[in-house]
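Below, chain A is the first sequence line, B the second, and so on; all start at residue 1.
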Protein chains: 2
Amino acid sequence: MRIGEVARKTGVKAETIRFYEREGILTAPPRTRSNYRDYGPDEAATLTFIRRARDLGFSMPDVRELLELSNEDDRSCAEVDSLARAHLDQVERKIAALQVMRDELSRMIASCEQYTISDCRIIDNLAASHGP
Amino acid sequence: MRIGEVARKTGVKAETIRFYEREGILTAPPRTRSNYRDYGPDEAATLTFIRRARDLGFSMPDVRELLELSNEDDRSCAEVDSLARAHLDQVERKIAALQVMRDELSRMIASCEQYTISDCRIIDNLAASHGP
DNA sequence: ATGCACCTTGTAGCCACTACAAGGTCAAGC
DNA sequence: GCTTGACCTTGTAGTGGCTACAAGGTGCAT
């Protein structure tokens, strides 16, 4: 399978696949006579794994770790669990931070009555801090 | 006021202030005899403005726009409003995306019973797609 | 033979900083 | 007067995770 096909099947762009190879995340596949990368189903599965982990927001270092762990069948999955929990924690923190932003933005926008800049509550809010 | 003091007062690090100057976001202040940057209260106010906008998640291009608009007192603040609304929209999208991640991560973590990798529901989930 | 989609390599760019190196300046303390 | 240490200067390179582009080679249908 050439890179374009595996890209379509896994949802990982060809450029990104080459990037993963350069970075050592994906092992280099064999080449055809004309020097094209020739992928098998295993590589496609790995790429799907990577893409799902990335979609869930795992960092590339985390993905590397998950990939390594996924090959050690006999090992306890406690590490996987703890990695996932740590990541969930980060995601929750990020949500909380964004909710603070959202609430403040909403408040600012609601307070603006759309006259001139000199009356603009949004600009006011940005210019001054809240406390004394 | 030297860069360190204005950094403390505005919460923008000295390195970042120099970076903003290089990028043309902040105009270069006069220098002392010993070539140190010498800031006045206006620059501090601008930096506070930038920091608050950044804390609210506005991009640097947005911040530039907001800074320019904030100097045009007579203009309608409709543009400010629309910029803020567009950004709020982005923030809400980001929250929604992260909530999807969070829910899926929670589900995965809850389904794992912490035996070996070969039984691990988390690894399973990453390896296979959901649909048939 | 021609066109077009696909592939190859390498390099540079994105965002918003952040880190570091190598050196200059200034006030306080001895 | 000399040292110490905090502060400042410039410039360059690194972060993450790709993405875009240039310049050229390959494969297949018409």
Side-chain angles (χ1 to χ4, degrees), chain A residues 1-26 28-40 43-44 46-47 49-67 86-87 90-91 94 97-98 101, chain B residues 1-26 28-40 43-44 46-67 87 90-91 94 97-98 101:
Chain A
M1 197 164 35
R2 295 195 301 192
I3 200 167
E5 192 180 345
V6 77
R8 271 188 300 279
K9 280 191 179 154
T10 62
V12 182
K13 291 185 186 174
E15 294 93 334
T16 308
I17 298 173
R18 283 191 284 259
F19 167 74
Y20 287 162
E21 183 182 317
R22 276 205 301 288
E23 298 292 299
I25 293 148
L26 196 68
R31 301 290 184 119
T32 65
R33 262 161 303 171
S34 51
N35 199 32
Y36 289 2
R37 287 171 181 81
D38 189 18
Y39 294 99
E43 282 101 335
T46 302
L47 282 167
F49 185 104
I50 295 173
R51 200 176 80 82
R52 280 188 52 69
R54 295 287 303 138
D55 284 353
L56 286 168
F58 285 99
S59 68
M60 287 311 302
D62 279 0
V63 172
R64 274 178 206 268
E65 188 98 26
L66 288 169
L67 277 171
H87 177 51
Q90 286 301 303
V91 170
K94 206 171 273 181
L98 284 167
M101 281 186 203
Chain B
M1 198 165 35
R2 295 195 300 192
I3 200 166
E5 193 181 344
V6 76
R8 272 189 299 280
K9 279 192 180 155
T10 62
V12 182
K13 291 183 185 173
E15 293 93 333
T16 308
I17 297 173
R18 283 191 284 259
F19 167 74
Y20 287 162
E21 184 183 317
R22 275 205 302 286
E23 298 291 299
I25 293 150
L26 196 67
R31 300 291 183 118
T32 66
R33 264 161 303 171
S34 51
N35 198 31
Y36 289 2
R37 286 171 181 82
D38 188 18
Y39 294 99
E43 282 101 336
T46 303
L47 282 167
T48 300
F49 185 103
I50 295 172
R51 200 176 80 83
R52 279 189 53 69
R54 294 287 304 139
D55 283 354
L56 286 168
F58 284 99
S59 68
M60 286 313 300
D62 279 1
V63 172
R64 274 177 205 268
E65 189 99 26
L66 288 169
L67 278 171
H87 176 52
Q90 286 300 303
V91 170
K94 207 171 274 180
L98 284 167
M101 281 186 203

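Rounded to whole Å, atom P of C:dC15 lies 21 Å from atom CD of B:E15. Rounded to whole Å, atom C1' of D:dT15 lies 15 Å from atom CE of A:M60. Here C:dA16 presents its P atom at 14 Å from CG of B:L56, a figure rounded to the nearest Å. Following rounding to the nearest Å, A:R22 (CZ) and D:dG17 (C1') show an atom-to-atom distance of 11 Å. For the pair B:Y39 OH and D:dC8 C1', the computed distance is 11 Å after rounding to whole Å. To the nearest angstrom, P of D:dC18 lies 11 Å from CG of A:L47. Across the protein-nucleic acid pair, B:R33 atom CZ and D:dC8 atom C1' stand 16 Å apart, rounded to whole Å. The nearest whole Å value for the distance from the CD1 atom in B:I17 to the P atom in D:dT10 is 13 Å.
Side-chain nitrogen and oxygen atoms of A:T16 include none within less than 4.0 Å of the OP1 or OP2 phosphate oxygen of D:dG17. An OP1 or OP2 oxygen of D:dG16 is reached within less than 4.0 angstrom by no side-chain nitrogen or oxygen of A:S59. An OP1 or OP2 oxygen of C:dA16 is reached within less than 4.0 angstrom by no side-chain nitrogen or oxygen of B:Y20. In terms of phosphate contacts, B:S34 brings a side-chain nitrogen or oxygen within less than 4.0 Å of OP1 or OP2 of C:dC26. Contact check, A:R18 against C:dT9: no side-chain N or O comes under 4.0 Å of OP1 or OP2. Side-chain N/O atoms of B:R54 include one lying less than 4.0 angstrom from OP1 or OP2 on C:dC17.
Panel note: side chain B:E43, backbone B:G40; a donor-acceptor pair is recorded below 3.5 Å. The backbone N or O of A:M1 lies less than 3.5 Å from a partner atom in the side chain of A:D38, making a donor-acceptor pair.
Judged by atom type and distance alone, B:Y36 reaches the base of C:dG24 through a side-chain donor-acceptor pair under 3.5 Å.
Residue contacts for B:R2: at a heavy-atom cut-off of 4.0 Å it reaches the sugar-phosphate backbone alone, with no base atom in range. Residue B:F58 is classed as having no contact, given no heavy-atom separation below 4.0 Å to the nucleic acid.
Taking NZ of B:K94 as the start and CD of B:Q90 as the end, the distance is 7.5 Å to the nearest 0.5 Å.
Nearest approach of A:R37 to A:Y39, heavy atoms of both residues: CD-OH, 3.1 Å. Nearest approach of B:E21 to B:P29, heavy atoms of both residues: OE1-CD, 3.5 Å.
A residue-by-residue look at B:I3 and A:I50 shows that B:I3 has its nearest nucleotide of DNA chain D further toward the 5' end. Annotation: of the two residues near DNA chain C, B:T32 and A:R8, the 5′-most nearest-nucleotide partner is A:R8.
Counting heavy atoms from C-beta on, the side chains of B:V6 and B:L47 come closer than 4.5 Å.
In this structure, the nucleotide among D:dT9, D:dG27, C:dT8 sitting nearest to the side chain of A:R37 is C:dT8. Listed nucleotides C:dC7, C:dT8, D:dT19 differ in distance to A:N35; the shortest reach to its side chain belongs to C:dT8.
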